[in-house]
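A short worksheet on the structure shown next.
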Number of protein chains: 2
Amino acid sequence: MNAQIGVIMSRWLSTEEMQERILEAADRLFYRQGIRAVGVDTIADEIGISKRTLYNYYPSKDALIAAYMSRRLVTLEITDRPPLDQILGAFDGLDRSIAAKRFRGCAFVNAVTELGEGTPEAHKLAITFKENRRLWFRELLSRLGVEDEDRLATQLAILLDGAIATALVRGNSAMTGAAKEAAALLIVSATKKKRKR
Amino acid sequence: MNAQIGVIMSRWLSTEEMQERILEAADRLFYRQGIRAVGVDTIADEIGISKRTLYNYYPSKDALIAAYMSRRLVTLEITDRPPLDQILGAFDGLDRSIAAKRFRGCAFVNAVTELGEGTPEAHKLAITFKENRRLWFRELLSRLGVEDEDRLATQLAILLDGAIATALVRGNSAMTGAAKEAAALLIVSATKKKRKR
DNA sequence: TCTTGACTACACCGCCCTGTGTAATTACCT
DNA sequence: AGGTAATTACACAGGGCGGTGTAGTCAAGA
């Protein structure tokens, strides 16, 4: 066969690099086709290694799932751009993700749906992810100087998640503009309230 | 065994009643545990009939899934209550659903997530469901006399779906109030705009 | 009483999945 | 040159699933 690719790779790649290579493939397949729908063999085939080798780097599929979700748990950064731009930019980012044609909704919400209550780690990671983004909104709103930034951050997070779910079902990004507009209106309304006091 | 229940039932129940009885159990299990996670045997056991009998009423699991989703596709009714009450009442209804402790998110979004692109019927039913609710919002907004009711209906639908997704992940209904408030603010803002013209 | 139709229990098929066991192969290191 | 560690192909166990085949049971109607 044309095989033994893994043998060659393993000489050039460190353990961490192999894990990352596996994880990258798992991420792509899990996100696109669903965690339950993708078998370990499929992931191994995807990068041209044997299933046996994959189990040398991850002891179980559950470990792979946990690593997959941890990898998606990126820390959101706050730049020195205007806070309002950053907030509304999140909706533009969603729009671009949908347009990129690999969109399958929120990986964390999907994981909770697919795995159910039987996997508390996934559930915790999903909560953490959502809360991180809400706090990211809140910090930016705080810098904007709005009133009741905690509640407003929740509302923005709801809008974003709603746009994600809607885009998943409808299969297009026609509604991101409306969501962004609603977000802007809520923020403007809150800043006006603040000014009045 | 204590069995032969199905035999007894089939003498008393018509074909439609048996189908409904099966479907009710399938609905409960599919929604709670997920479509892929529930086997046909489990559904049959749940109502005390044999798998063989179940296949006499539904030719395949796919047919059962389609019936499950069709059953969830209820037509939303518009009453003579004030339109604003009905709109905001949708958020209260969500709050009650979550509190009822059987909440597992939106059945249609979950079906799209679980079944993927391989089941276009489910996808179509999900789109229909979401669009029905959006049009329900739009009709009520139209009766309210707001400006740009189509876009506002989209925004309200996004808010509701976002609240559903957030509640699914967080496991509580702490955010429905914020979603409802945002909805109210968007509507009030639209009515003010109308008044100004 | 006898026939008919629905249901049951149970076995079974074929498929897919996670995970492991094994012997052979390969490349690097001493 | 020989040893070592990783990888490979392959088989297989164990389990679940969707779906079917079959022989027997039971109640209703003629």
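Just so it is clear: chains get the letters A, B, ... in the order the sequence lines come, proteins before strands, and each one is counted from 1.
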Applying salt bridge (Lys or Arg N to Asp or Glu O under 4.0 Å) as the test, list every pair that has at least one member in [range]; sequence neighbours left out.
{"range": "residues 56-67 of chain B", "result": "none"}
{"range": "residues 25-47 of chain A", "result": "A:E24-A:R28, A:D27-A:R71, A:D27-A:R72, A:R28-A:E46, A:R32-B:E117, A:D41-A:K51"}
{"range": "residues 88-111 of chain A", "result": "A:D92-A:K180"}

Between [atom2] on [N] and [atom1] on [X], what's the gap in Å once rounded to a whole number?
{"X": "A:L29", "N": "C:dC17", "atom1": "CG", "atom2": "C1'", "value": "16 Å"}
{"X": "A:I49", "N": "D:dT8", "atom1": "CD1", "atom2": "P", "value": "6 Å"}
{"X": "A:I43", "N": "C:dT18", "atom1": "CD1", "atom2": "C1'", "value": "12 Å"}
{"X": "B:Y57", "N": "C:dG5", "atom1": "OH", "atom2": "C1'", "value": "11 Å"}
{"X": "A:L54", "N": "C:dT20", "atom1": "CG", "atom2": "C1'", "value": "14 Å"}
{"X": "A:I22", "N": "D:dA6", "atom1": "CD1", "atom2": "C1'", "value": "13 Å"}

Inset, instruction - Calculate, to the nearest 0.5 Å, the distance between atoms CD1 and CD1 belonging to B:I98 and B:I164 respectively. - result: 8.0 Å

Inset, instruction - Answer whether the closest heavy-atom distance between the side chains of A:T75 and A:N132 falls below 4.5 Å. - result: no

Inset, instruction - Please determine if a side-chain N or O atom of B:N56 lies less than 4.0 Å away from the OP1 or OP2 oxygen of C:dC7. - result: yes

Inset, instruction - Output all residues satisfying ring-ring contact (aromatic ring centres under 6.0 Å, His included) with A:F30, sequence neighbours left out; order by chain, then residue number. - result: A:Y68

Inset, instruction - Could you pull out all residues at least two apart from A:F108 that satisfy ring-ring contact (aromatic ring centres under 6.0 Å, His included)? - result: A:F129

Please name all residues satisfying side-chain hydrogen bond (donor to acceptor under 3.5 Å, both in side chains) with [X], sequence neighbours left out, ordered by chain then number.
{"X": "B:T119", "result": "none"}
{"X": "B:Q86", "result": "B:T79"}
{"X": "B:E181", "result": "A:R151"}

Inset, instruction - Could you name each residue pair satisfying side chain to side chain donor-acceptor pair (under 3.5 Å) that touches residues 154-164 of chain A, not counting sequence neighbours? - result: A:K130-A:D161, A:R133-A:D161, A:R134-A:T154

Legend entry - Heavy-atom protein contacts under 4.0 Å, nucleotides 12-19 of chain D, coded B base, S sugar-phosphate only, - none: ------SB

Legend entry - Interface residues of residues 112-119 of chain A with DNA chain D (non-hydrogen, below 4.0 angstrom): none

I'd like a table of atom pairs between the protein and nucleotides 21-23 of chain C - only N or O on both sides, under 3.5 Å - with the distance next to each one.
| residue | atom | partner | partner atom | Å |
| --- | --- | --- | --- | --- |
| C:dG21 | N7 | A:R52 | NE | 2.9 |
| C:dG21 | N7 | A:R52 | NH2 | 3.1 |
| C:dG21 | O6 | A:R52 | NE | 3.2 |

